[in-house]
Enquirer: 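Below you will find the structure I want to go over with you.
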Amino acid sequence: MSRFFPPADPLLLGAIADAVGATVDGTARERIMSDVMPLDTATAEHVSFLRNPRHRRDLETTRAGAVFVQPRFLESVPEGCAALLTERPANAFGLAAALFHPSAMRPRPLTSRGGGEVASSAIVEEPGGLEANVIVEAFAVVARGVEVGRGSVIGPNVVIGPGCTIGRGTVIGANTTVQCAHIGDRVIIHPGVRIGQDGFGLARTPKGYQKVPQVGAVVIQDDVEIGANSCVDRGSRRDTVIGKGTKIDNMVMVGHNVSIGCHCVIAGCVGIAGSVTLGDSVTIGGGSGLRDGITIGAGASIAGFSGVGDDVPEGATWGGNPAIDAARYFSERKQYYRLLRSQSAAPKP
């Protein structure tokens, strides 16, 4: 049992299957399960899953009480282990984990404080801007004109600049700075995030570079999550916008004037240059870089470590550096290695 996230009460296997959209044999629905675990460490009270066919041997030897599997692997489920049939075992396992660990779905205050409590070491210039049940932890600074919605948590050492608005049920992690920003409801901002600082705008002069004023804001819509140590610059003349439900991993850079659509997923160490537009439901793999001013169409996917310098059509999958259509990329890669093999096999003069 985890000392940090102890599981909630045990659940009937049938209730788990119904909640995540899996099917299970009727005789197994009454089994009582206590948690989720990987195949190799699970016991009879645990639910597990088969992520990859390469781990089929672990499935055949698991001691789990139940396991999420695709129907084609049903024969590999050992006797006594209930099969939870689904086409998306990893997704179902994640949803089941949320049932057992609801406390891990949203960061908690680092100190034991009840709703509506402001630490004595915190500075709140206008307490009237806080709605009911707001928690402000030690050494946080909440400047004048800030509005914070009901049930939100402002972590230790957080700095919120003048005039910012924070929605309801939002959590701002320790050591985060927020300025020139409007943040929606149920947003999760992990520790060390920087929001609303100057965008990187410079004008060349005979004496060197001069700073270009960045007078826009940052708008973060409802249900967004931003990972630790990420940065979101404010716009220069228009706002930087992150759309509803978008999830951003750790150490991501979002430049000024960027517009990110709803329900996008951006993995760690991605760099998005200024004035890029992402449509809804875009996914970007870790370590990728996007050139300024381009547009990524709705539903497009960018493979990890790609360098994207051109517009990407809706629904397309691109990869490589410079990034191109994935099918073309893999075709050209095969041709390249075929050429290398043919040259190495050629007789020496």
Side-chain angles (χ1 to χ4, degrees), residues 1-9 35-36 94 97-162 164-197 218 220-232 242 245-254 266 268-269:
M1 179 181 295
S2 170
R3 72 181 287 175
F4 301 112
F5 300 103
D9 294 335
D35 205 349
V36 292
L99 298 176
F100 285 108
H101 296 277
S103 65
M105 300 299 290
R106 180 175 184 267
R108 297 167 292 181
L110 296 182
T111 53
S112 299
R113 296 188 175 278
E117 186 171 347
V118 176
S120 59
S121 59
I123 298 173
V124 180
E125 289 197 309
E126 296 180 3
L130 309 184
E131 289 189 346
N133 298 319
V134 171
I135 296 175
V136 182
E137 298 196 82
F139 300 105
V141 176
V142 180
R144 65 191 180 280
V146 171
E147 300 175 6
V148 182
R150 184 176 60 246
S152 290
V153 177
I154 310 301
N157 296 316
V158 167
V159 177
I160 302 178
C164 292
T165 59
I166 313 295
R168 294 173 174 171
T170 288
V171 179
I172 301 182
N175 299 306
T176 292
T177 57
V178 178
Q179 53 185 313
C180 305
H182 302 290
I183 299 174
D185 297 339
R186 300 174 303 279
V187 173
I188 297 174
I189 297 174
H190 289 278
V193 172
R194 307 293 179 225
I195 295 173
Q197 60 282 336
V218 173
I220 299 174
Q221 297 178 0
D222 297 344
D223 301 305
V224 168
E225 184 164 356
I226 300 178
N229 296 318
S230 292
C231 297
V232 183
I242 300 178
T246 286
K247 312 300 181 186
I248 297 176
D249 198 2
N250 300 333
M251 294 189 290
V252 170
M253 174 66 217
V254 179
I266 302 172
C269 298

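Quick note: residue numbers are just sequence positions, from 1. Below, each value reflects all heavy atoms present in this structure, side chains not excepted, and no hydrogens, waters or symmetry copies. Here the structure is a predicted model, which is why all the values come from computation and not from measurement.
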Enquirer: Looking at Asp249 and Gly268, would you say the former's side chain and the latter's main chain have a donor-acceptor pair under 3.5 Å?
Expert: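 Side chain of Asp249 to backbone of Gly268, a donor-acceptor pair under 3.5 Å: yes, one is there.
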Enquirer: Which heavy atom of Val158 sits nearest a heavy atom of Gly173, and at what distance?
Expert: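 In this case the closest contact between Val158 and Gly173 is CG2-O, 3.0 Å.
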Enquirer: Could you state the interatomic distance from CG (Leu130) to CD1 (Ile135), rounded to the nearest 0.5 Å?
Expert: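 With rounding to 0.5 Å, CG (Leu130) is 11.5 Å from CD1 (Ile135).
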Enquirer: How would you list all residue pairs meeting side chain to side chain donor-acceptor pair (under 3.5 Å) that involve residues 138-162, not counting sequence neighbours?
Expert: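 Every pair satisfying side chain to side chain donor-acceptor pair (under 3.5 Å) with a residue in residues 138-162: Asn157-Asn175.
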Enquirer: How many angstroms lie between atom CD1 of Ile189 and atom CD1 of Ile166, to the nearest 0.5 angstrom?
Expert: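 It is 6.5 Å, given to the nearest 0.5 Å.
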Enquirer: Please report the interatomic distance CZ(Phe5) to CZ(Arg108), rounded to the nearest 0.5 Å.
Expert: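 That separation rounds to 5.0 Å.
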Enquirer: Kindly state each residue pair satisfying side chain to side chain donor-acceptor pair (under 3.5 Å) with at least one member in residues 222-231, sequence neighbours excluded.
Expert: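 Residue pairs with at least one partner in residues 222-231: Arg186-Asp223, His190-Glu225.
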Enquirer: Give me the atom names and distance for the closest heavy-atom approach of Gly155 to Ala140.
Expert: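 Shortest heavy-atom contact: O-CB, 3.7 Å.
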Enquirer: Do the side chains of Phe139 and Pro156 get nearer than 4.5 Å, heavy atoms only?
Expert: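 No, their side chains stay 4.5 Å or more apart.
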Enquirer: Are the side chain of Glu137 and the backbone of Thr111 linked by a donor-acceptor contact shorter than 3.5 Å?
Expert: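 Side chain of Glu137 to backbone of Thr111: a pair is present.
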Enquirer: Do Ile220 and Ile226 have side chains that get closer than 4.5 Å, going by heavy atoms?
Expert: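 They are in side-chain contact.
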Enquirer: Looking only at non-hydrogen atoms, find the nearest pair between Val36 and Phe100 and report the distance.
Expert: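 Nearest pair, atom of Val36 first, then Phe100: CG1-CD1, 3.9 Å.
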Enquirer: Other residues, nucleotides and ligands only: do more than 12 of their heavy atoms fall within 6.0 Å of CE on Met251?
Expert: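 Check fails, neighbour count at 12 or below.
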Enquirer: Which pair of heavy atoms, one from Val136 and one from Ala122, lies closest together, and at what distance?
Expert: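 Nearest heavy atoms, Val136 then Ala122: CG1-CB, 3.8 Å.
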Enquirer: Looking at Met105 and Ile188, what are the two nearest heavy atoms and their distance?
Expert: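 Reported closest heavy-atom pair: O-CD1, 3.7 Å.
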Enquirer: Pairs of donor and acceptor atoms involving the side chains of residues 177-185, under 3.5 Å and at least two apart or interchain, shall be tabulated with distances.
Expert:
{"unit_1": "His182", "atom_1": "ND1", "unit_2": "Thr165", "atom_2": "OG1", "d": "2.8"}
{"unit_1": "Asp185", "atom_1": "OD1", "unit_2": "Arg168", "atom_2": "N", "d": "2.7"}

Enquirer: Do Ile172 and Ile160 have side-chain heavy atoms sitting under 4.5 Å apart?
Expert: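 Yes, close enough: below the 4.5 Å cut-off.
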